[in-house]
Amino acid sequence: MNAKKKKSRNLKIFSGLFAVLIIVLTISYCTRETTTPMNEKSLIPLPVNINPADGSFRLKKRSVIYVSNGSDKAFEVGDYLSGILHPATGFKLPVKATNKLSAKGDILLLLTHRSLNLGDEGYELKVTKRMITITANEPAGLFHGVQTLRQLFPDAIEKTTKQPGPWLVPAGTIQDQPAYSYRGAMLDVARHFFTPADVKAFIDMLAFFKLNVLHLHLSDDQGWRIEIKSWPNLTTYGGSTEVGGGKGGYYTQEEYKDLVKYAQERFITIVPEIDMPGHTNAALASYGILNCNGKARKLYTGTDVGFSTLCTSKDTVYKFIDDVVHEIAAMSPGPWFHIGGDESHATPMEDYIPFVNRVQDIIRWNGKKVIGWDEIANAELQPNTTIQFWANAENTQKGVKQGAKVIMSPANKVYLDMKYDSTTTLGLHWAGYVEVDSAYIWDPATLVPGVSKANILGIESPLWTETITNMKDLEYMVFPRLAGHAEIGWTPVSERKWDDYKVRLGNFAGRFEAMGINFYRSPTVPWKE
Ligand code: ACM
């Protein structure tokens with residue numbers, strides 16, 4: 001080779017290398033451009049500890065989700081993650097059981113068998129350029145870690161059609177665990193019926209915010225929504241209408257079991273509620289024998305409360321309750337059965353107290369623990385009975401004095417059917433207007449004098465559906481307030497600041513949109529467009 005040719009070849013090699021260098025620099029610059037550091041990502045609920053690092057992980061078509069060998073539950077979490085990532089990325093990430101601790105370009109879900117100081121629901125999430133590792137004591141922790149990972153991806157990960165990517169996750173480490181063990185929402189399917197598909201969509205929204213309880217209000221004056229094989233008229237007649245006179249509906253036992261399973265796969269416990277002795281018109285209309293005069297009442301499609309009561313002096317009524325509880329308890333893997341007990345204005349107190357005492361026995365004989373609205377504290381509470389504070393602080397204090405734990409659902413903070421302000425067209429406002437800031441700025445542990453964190457099991461946000469008839473309206477009342485309630489249940493009070501939260505929530509606009517959620521654009525929040 002002569003000198004001229006050699007020079008030209010060297011020049012080619014040099015310019016080739018130079019081009020490669022430019023490409024590499026461009027890619028890494030773009031990468032940095034498109035990844036917000038981990039601690040600046042808008043995470044809700046805010047994790048307990050976030051330590052950002054340089055760089056980011058890039059999910060690829062060939063990435064694999066590896067899961068601790070030997071745990072079916074952990075493997076299901078892997079499948080769930082693969083399913084969450086599929087629509088927007090188009091990747092079909094395989095899930096494989098493994099014993100390895102390192103895998104380049106992959107995601108690892110590891111169970112530590114209790115070596116982490118993060119309880120049953122906590123997790124550690126570690127993102128490096130090389131790999132992502134979620135470690136937890138229990139599968140529930142892996143599941144919550146997956147929800148955090150989901151929020152670390154760009155908003156477009158929530159879309160249901162294929163998006164361009166790139167799928168970058170900022171590097172760093174998160175250690176996280178919840179402040180309260182019970183973090184729930186309630187859906188009233190009695191005033192208006194919601195289909196099993198609607199309930200599943202709601203469950204998915206709860207899972208996203210790391211809630212772990214769905215309380216279903218399954219019966220009320222306007223409708224009975226759960227099939228009871230030994231008392232079939234409850235649904236065929238008592239479930240045949242709803243507020244406003246629509247056709248109502250009910251869940252067959254097969255459908256209910258499927259909902260329980262769907263929730264369980266998302267580490268959510270369904271708490272069934274059969275409200276009694278009041279709020280029972282649908283049952284009283286289905287069976288005359290439940291009334292003191294033996295005559296069936298008419299179906300009711302209005303929105304009044306406090307006018308109905310089971311006949312508390314009849315043995316048949318307790319046989320009825322035992323049958324209902326028995327059939328529902330048999331489909332319920334969770335520990336709780338909610339007996340309602342609220343607004344029984346048509347039941348004299350001298351009848352109400354022995355009624356609640358006797359019903360607590362029935363629930364215990366059926367292997368479940370009682371939850372009831374705060375009025376039940378007027379009875380003699382048995383050990384393990386939990387009261388749900390919604391309106392009356394005195395009742396709640398009475399309950400705590402009897403040793404009961406409390407679920408905090410103050411109507412003027414967490415009732416999702418309360419209007420945001422005077423211009424909200426949906427909802428009611430008997431407990432006041434509940435703007436997004438007001439729904440967030442409170443502490444369960446200091447709200448009711450004499451009720452402290454040690455007395456509190458957790459927090460729950462009920463959605464009553466007198467005015468809510470479809471999922472778009474449901475979403476509008478639920479979001480964004482439920483996101484704030486989820487943070488109250490999860491994040492330590494010392495880390496919760498409205499001025500910080502409102503910015504994170506404002507940044508969530510794009511994610512809500514990508515999820516197709518119809519949320520209320522509160523003027524108290526700086527929404528990012
Ligand atoms: C309730 O809002 N009646 C519990």
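Just so you know, these numbers use all the heavy atoms, side chains as well, and skip hydrogens, waters and symmetry mates. Note that ligands are numbered from 1 as they come in the structure, with each ligand's atoms numbered from 1 the same way.
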**Q** Less than 6.0 angstrom from the centroid, inside 45 degrees of the normal: does R225 satisfy that with respect to the ring of Y251?
**A** no
**Q** Answer yes or no: is there an ion pair linking D437 with K502, defined by an N-O contact shorter than 4.0 Å?
**A**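 A salt bridge is absent here (no side-chain N lies under 4.0 Å from a carboxylate O).
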**Q** If you look at every heavy atom in L46 and E487, which pair is closest and at what distance?
**A**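 Closest approach of L46 to E487: N-OE1, 2.9 Å.
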**Q** Tell me which protein heavy atom sits closest to atom 3 (N) of ligand 1, plus the residue, atom name and distance to 0.1 Å.
**A** D342 OD2, 2.7 Å
**Q** Has ligand 1 got any nitrogen or oxygen that is less than 3.5 angstrom from a nitrogen or oxygen of E343?
**A** yes
**Q** Using a 4.0 Å heavy-atom cut-off, which part of Q388 comes near ligand 1: side chain, backbone, both, or neither?
**A**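 Neither part.
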**Q** Quick one: nearest non-hydrogen protein atom to atom 2 (O) of ligand 1, plus distance?
**A** Y415 OH, 2.7 Å
**Q** Does the cation-pi check pass for K73 over F267, that is, NZ or CZ under 6.0 Å from the six-membered ring centre and within 45° of its axis?
**A** yes
**Q** With a cut-off of 4.0 Å, which atoms of ligand 1 are near a heavy atom of W464?
**A** 1 (C), 2 (O), 4 (C)
**Q** Quick check with a 6.0 Å cut-off and a 45 degree axis cone: is K453 positioned over the face of Y180's six-membered ring?
**A**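 Output yes; distance and angle both within limits.
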